[in-house]
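The next block holds one structure in the form of structure tokens; read it before the comments.
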Amino acid sequence: MTDSIFSLFSKPLVGFACATSIILSGCAGNTVPDQASDPLESFNRVTHSINKGVDTAVLRPLSKGYGTVIPETVKHVINNEVRYVQLPLTFVNSVLQGNIERAGDTAVRFFVNSTLGGLGTLDPATEIGIPEHEEDFGQTLAVWGVGSGPYVELPLLGPSTIRDMVSLAGDAALNPTTYIGQGTAATIAKAAETPVRIVDTRHRFSDLIDGALYESDDSYTIVRNTYLQRRRNAILNGQIDADTLPDFDNENPF
Amino acid sequence: MRFALKRRNFITFTGAFALSAVMGAHSAFAVTTSEARALVENVALQLLTLVKQPGSPQSKTGQLKSIMSQNVDMRQVAGAALGRYARGTSPAQRDRYVIAYQDYVARVYTSRFSQYSGETISINGAQDFGRKGVVVDSSVDSGGQVINIKWQVRDNRNGKPKINDIIVEGLSMISSQQAEFTQMIQDLDGDVDAFITRLQTL
């Protein structure tokens, strides 16, 4: 099963990655764009104000309602399920990145939570101490040396880069709900998956997102900076890139 | 989880050891990984004690400021947060700004104290980055949710090890503030005095 997924995706992806790296060759090698250069800023600021409006009118109230109305146990199960359906994506991308340790952790986690966890409703994997990872195609392309391209804020989907935006199609292809069978239950699960994931994520990161959007003078800059930093951290699997550590030896007069 | 953390520790430690052996000759007076670790352990303990202490968040602002001024190189950090605007400042502006900055940071962090209680911290390892100091890696367990916090420790101008940056789940405090502050100053047409006044109200 896993072998076939691997061979299905690896060849077209390698070709695809090469094509992308040629398009983005101007910035190849940079995991995230230089924050001082934001060539799409004027476009991005328009989508940002739309996104912020949608958050204020719909997403934030919805996520607050979700937080207060839905019982903790149900939220817990939903969150388990949201993380569970990401595991095939993380597994394939760990393999593509050559990270056997993360691939192994993820395979074991998927097996344990599929069986003992009742198809991901429970999370016994965490209880027994199996590490959880998140890998996607954008991170894999970055590990392969594909540059990020300019920062872009996408309508409704939020902050991204050209590379990460292009990778979204591959991410969707590895979501199991794309392939579940027919019938009423399957149709509902498919239709609900994306909105549920968005509300769950908005709720889980409410402090971070509220802080960025509503507690700063310029939310666009904060969202961009937060996204790019978190993305770099995800690509480097939490390791420190010495170049990004602040340098205090410059001509700072302080 | 525990097993994986241990393995990472080992790799970090051996890496740090090899690095410090190589750099030893050049950094005879620089902070060592064990000094940095001890500093972070001490500061983390003081912070967790302050968080758990009864009383309103506002009443803890003064204590947080004193922990910061003893263990953080506040002038360097404040200067770094100004980014490209630091160079053009006058000595009077710098003094006024550093005070405003300390108050701002203490205000922002104590206001978040109410969200926390009963945290425990464990140090996972320390890595030497030479000129850029030592980064101490720690995990804070907050009711089952594990948050990764990294602390950049460097010697200050008097050769005392001080904390320079805090990186929470990949988010560097200095980088975030720098993005926010430089944008604010830019929007104020480069007027640093107006920015300091604004910072006092945030």
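What you are looking at is a predicted structure, and each value in this text was computed from that prediction instead of being measured. Numbers restart at 1 for each chain; the letters A, B, ... are given by sequence-line order, proteins then strands.
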* Find out whether B:Ile167 and A:Leu245 are in side-chain contact, i.e. whether some heavy atom of one side chain is under 4.5 Å from a heavy atom of the other. => yes
* Which heavy-atom pair separates A:Asn233 from B:Gly170 by the least distance, and what is that distance? -> CG-CA, 3.4 Å
* Name, in order of residue number, those residues of residues 61-71 of chain B that have a heavy atom at a distance of less than 4.5 Å from a heavy atom in chain A; otherwise write 'none'. => none
* **Side chain / backbone / both / neither for B:Asp73 at chain A, heavy atoms under 4.5 Å** => neither
* Within a strict 4.5 Å, meaning less than it, do heavy atoms of the A:Leu208 and B:Leu171 side chains meet? -> yes
* **Reported OG1-to-CZ distance for the pair A:Thr221 and B:Phe181, which is rounded to 0.5 angstrom** => 13.0 Å
* Would one find more than 12 heavy atoms of other residues, nucleotides or ligands at under 6.0 Å from atom CD of A:Glu134? -> no
* Might you point out which heavy atoms bring A:Asp243 and B:Lys132 nearest each other, and give the distance in Å? => O-NZ, 3.6 Å
* May I ask you to check whether over 12 heavy atoms, not counting those of A:Tyr214, lie within 6.0 Å of atom OH? => yes
* **Test item: B:Leu202 and A:Glu215 side chains (from C-beta on) under 4.5 Å apart, heavy atoms** => no
* Check whether any side-chain heavy atom of A:Phe254 lies under 4.5 Å from a side-chain heavy atom of B:Thr89, and answer yes or no. => yes
* Among the listed options B:Arg75, B:Arg84, B:Gln178, B:Lys150, the residue most often paired with chain A at heavy-atom distances under 4.5 Å -> B:Lys150
* Measure across A:Pro253 and B:Ala86 and return the closest heavy-atom pair with its distance rounded to 0.1 Å. => CG-O, 3.3 Å
* Non-hydrogen atoms of B:Glu180 and A:Ile222 that approach each other most closely -> CB-CD1, 3.5 Å
* **Test item: side-chain donor near acceptor, A:Gln229 and B:Ser176, under 3.5 Å** => yes
